[in-house]
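Notes for the one structure printed next.
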Amino acid sequence: MAEPDRASTRAASTPDAVPDGVPAAPGAVPQSFPDGIPDLLLGAAVELFGERLPLAERFASLLATAGVERGLIGPREAPRIWDRHLLNCAVLGELVPSGVYVVDVGSGAGLPGIVLAVARPDLRISLVESLARRTAFLTEVVEELGLSSVEVVRARAEECVNVLEPADVVTARAVAPLDRLASWCLPLARPGGVLLAIKGSSAADEIEEHRAAVRRLGGGSPSLVQCGMRLLPEPTTVVEIRNTGTAGGSVRSRGGSGTDAGAGSRSESRAGSRGGSSHGGSSRGGSRAEPRAEARGGTPADARGDTRAGARGDSRAQARDDAHAARGEARVEKKPAGGRAGGRARSAGAGRSGGRGAQEARDARGTHGGARSGDGGDHPRK
Ligand SMILES: C[S@@+](CC[C@H](N)C(=O)[O-])C[C@H]1O[C@@H](n2cnc3c(N)ncnc32)[C@H](O)[C@@H]1O
C-alpha cells in the first residue's frame, strides 16, 4: 500500500464557540435572520446553532450558490437547504457526546460534517471524502467559516484505517448501504465507538437485511434512533452501531476490493492536532426505537437527486477510484502544505514500529495535513 500524502491548511480564524454546543442564551441570538430559514424552522435553527447561527447561514448560502454552481447539490435543493440538509444533519448532535473526535465519511458538500462542526465547536472532526472536486469545496468552506477543529481528508474511507486516529464517532449520510457502510466505517471507530448513519424510511429493513454482515464486521446490534423529535416536523432517522472490536469479516466494495484489501491511498490528510479525545460524556438525546420499528419520516434522501449536475463526472471519477482501489494502486494527489502542524493523522504501524509508518506520522505532524476526496447511496429525502 502506498504511503498517503498529507498536506493541510488550517482555518484562518476561530469563531466564538458555544461551549459544548449548548444553545446560546436568548440575548445572544442574532437579531437578523435571512429569508432562507423558513419560519417554521427558525426556533429549531436558533436552538441547534445558537450564536453560531450566522455561520450556519453562511454555509447555507455557500451551498445554495457555489454548491449548486459546482454541481455538489442540485438546484432544486437550494430552497430546501434548511430542512432537508442543515437541520436534518444538525440534530445528529443529540447522539454525539461532548468533546469527542468524529470522522464523517463521504462528506460530499459537508453533510453532516460541516453542519456538526458549526453546531458543535466542542468536536474535532475529520471530513473524509474521496472526490477532489468535493474536498476542494470542503476546504474552502472550512477556511471561510474558520472551522479550526475540522480537517479535510481526501481519501476513500477504507484507506484511512490506521491512518486517522480511531474515532469516538463515525458519521455518514447517503453514502452506501448499511453492510458496505459498516465495512468502511466500523474500522475507523475505536472499540466502543459508534457509527451513526443517517438513513431514510427503509432504515429498519436495511437493519434486518444487513444485521448478520454488521455482526461479522464487529458491529453490535444496530439501533434505530429518531433525532430532532422535539424540534423538527420530520425527525432524522439514524442507525447507530457500536464497534465491539470483534471484527471478523469484510464486505466487498463496488470495486471488488474488500475493506481489508489494502487499497492504495491517494490521500492528503489535513490533520489538526488537538490531542486525543477521550471518549467523553454522554450523548444528548435521540429517541431510540426497537431496530424493527418503522422509521418515521423519510428523511435521508437519495443523493442522486441533489447532485445531478455533477453526477456524471463524479461517477466517472468514482469508477476510476474503484478501479484503482481494486488493483491496489495508489493515486496520490498532493496539496501544498499550509498552516501549523497537525498530528492526528496516524500511519499504519506508526507508534509501534519505526520505519515508514513512523515517518508518515512525523510527516503528518510536521507538514500538517491536507485534504483528500467516491459516491454512494441514500440521501435524506422528504
Ligand atoms: C451521495 S454523496 C452524499 C454526500 C453527503 N454525505 C450528503 O449527505 O449530502 C456520497 C459521497 O460519499 C463519497 N464516497 C463514496 N464512497 C466513499 C468512500 N469509500 N470513502 C469516502 N467517500 C466516499 C462520494 O464521493 C460522495 O461525495
Side-chain angles (χ1 to χ4, degrees), residues 10-67 80-102 104 107 109-127 138-152 168-169 171 196 227-233 235-236 272 274 277 280-286:
R10 182 175 278 269
S13 63
T14 309
D16 292 340
V18 180
D20 291 342
V22 172
V29 171
Q31 294 306 301
S32 65
F33 297 103
D35 297 336
I37 307 178
D39 287 347
L40 183 65
L41 300 173
L42 195 51
V46 169
E47 180 155 345
L48 289 163
F49 293 107
E51 64 185 19
R52 288 164 70 93
L53 187 55
L55 273 189
E57 292 170 328
R58 183 70 194 124
F59 180 47
S61 158
L62 288 168
L63 282 176
T65 53
R80 306 191 276 204
I81 276 173
W82 282 96
D83 60 339
R84 191 167 152 159
H85 300 292
L86 267 65
L87 298 178
N88 170 278
C89 289
V91 294
L92 187 62
E94 292 175 6
L95 302 178
V96 181
S98 297
V100 301
Y101 173 49
V102 177
D104 182 37
S107 298
L111 303 163
I114 293 278
V115 177
L116 277 179
V118 170
R120 295 284 303 277
D122 57 298
L123 305 175
R124 290 186 297 122
I125 305 187
S126 295
L127 309 177
L138 291 170
T139 302
E140 289 166 30
V141 170
V142 165
E143 288 182 355
E144 176 146 355
L145 302 186
L147 300 174
S148 59
S149 59
V150 178
E151 66 175 355
V152 180
D168 301 297
V169 177
T171 58
L196 300 177
C227 294
M229 296 277 280
R230 192 175 51 79
L231 292 172
L232 305 181
T236 298
R274 267 156 297 275
S277 58
S282 54
S283 46
R284 297 158 186 227

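If you read the sequence from its start, that first residue is 1, and numbering goes on from there.
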**Message:** Do Val100 and Val102 have side chains that approach each other closer than 4.5 Å (heavy atoms only, starting at C-beta)?
**Reply:** yes
**Item:** From CA spacing to verdict: side-chain contact (heavy atoms from CB on, under 4.5 Å), Ser107, Leu138
**Value:** CA-CA 8 Å; Ser107 298; Leu138 291 170; 3.9 Å; yes
**Message:** Between Arg120 (side chain only) and Val96 (backbone N and O only), is there a donor and an acceptor less than 3.5 Å apart?
**Reply:** yes
**Asked** Can you name the residues that form a side-chain hydrogen bond (donor to acceptor under 3.5 Å, both in side chains) with Ser61, not counting sequence neighbours?
**Response** Arg58
**Prompt:** Hey, does Leu40 have a side-chain heavy atom less than 4.5 Å from the side chain of Pro233?
**Reply:** yes
**Prompt:** Do Leu92 and Thr236 touch side chain to side chain, with heavy atoms closer than 4.5 Å?
**Reply:** no
**Request:** Could you tell me whether the side chain of Leu123 reaches within less than 4.5 Å of the side chain of Tyr101, counting heavy atoms only?
**Result:** no
**Asked** Just by distance, do the side chain of Arg52 and the backbone of Ala119 share a donor-acceptor pair under 3.5 Å?
**Response** no
**Message:** If you compare all heavy atoms of Gly228 against all heavy atoms of Pro235, which two are closest, and at what distance to 0.1 Å?
**Reply:** C-CB, 4.3 Å
**4.5 Å side-chain heavy-atom contact, Asp104 and Ser126** = no
**Message:** Contact between Leu41 and Pro38 at the side-chain level, heavy atoms closer than 4.5 Å - yes or no?
**Reply:** yes
**Side-chain heavy-atom pair Thr171, Cys89 within 4.5 angstrom cut-off** = no
**Item:** Residues that Ala45 engages under side-chain contact (heavy atoms from CB on, under 4.5 Å), provided they are two or more places apart
**Value:** Ile37, Leu53, Trp82, Leu87
**Message:** Taking side-chain contact (heavy atoms from CB on, under 4.5 Å) as the definition, give me every residue that meets it alongside Ala90, ordered by chain and number, with sequence neighbours left out.
**Reply:** Leu48, Phe49, Val115
**Prompt:** Among Leu86, Val141, Leu147, Val150, which residue meets the side chain to side chain contact (heavy atoms under 4.5 Å, CB included) test with Val118?
**Reply:** Leu147
**Item:** Side-chain touch Leu232/Asp83, heavy atoms, less than 4.5 angstrom
**Value:** no
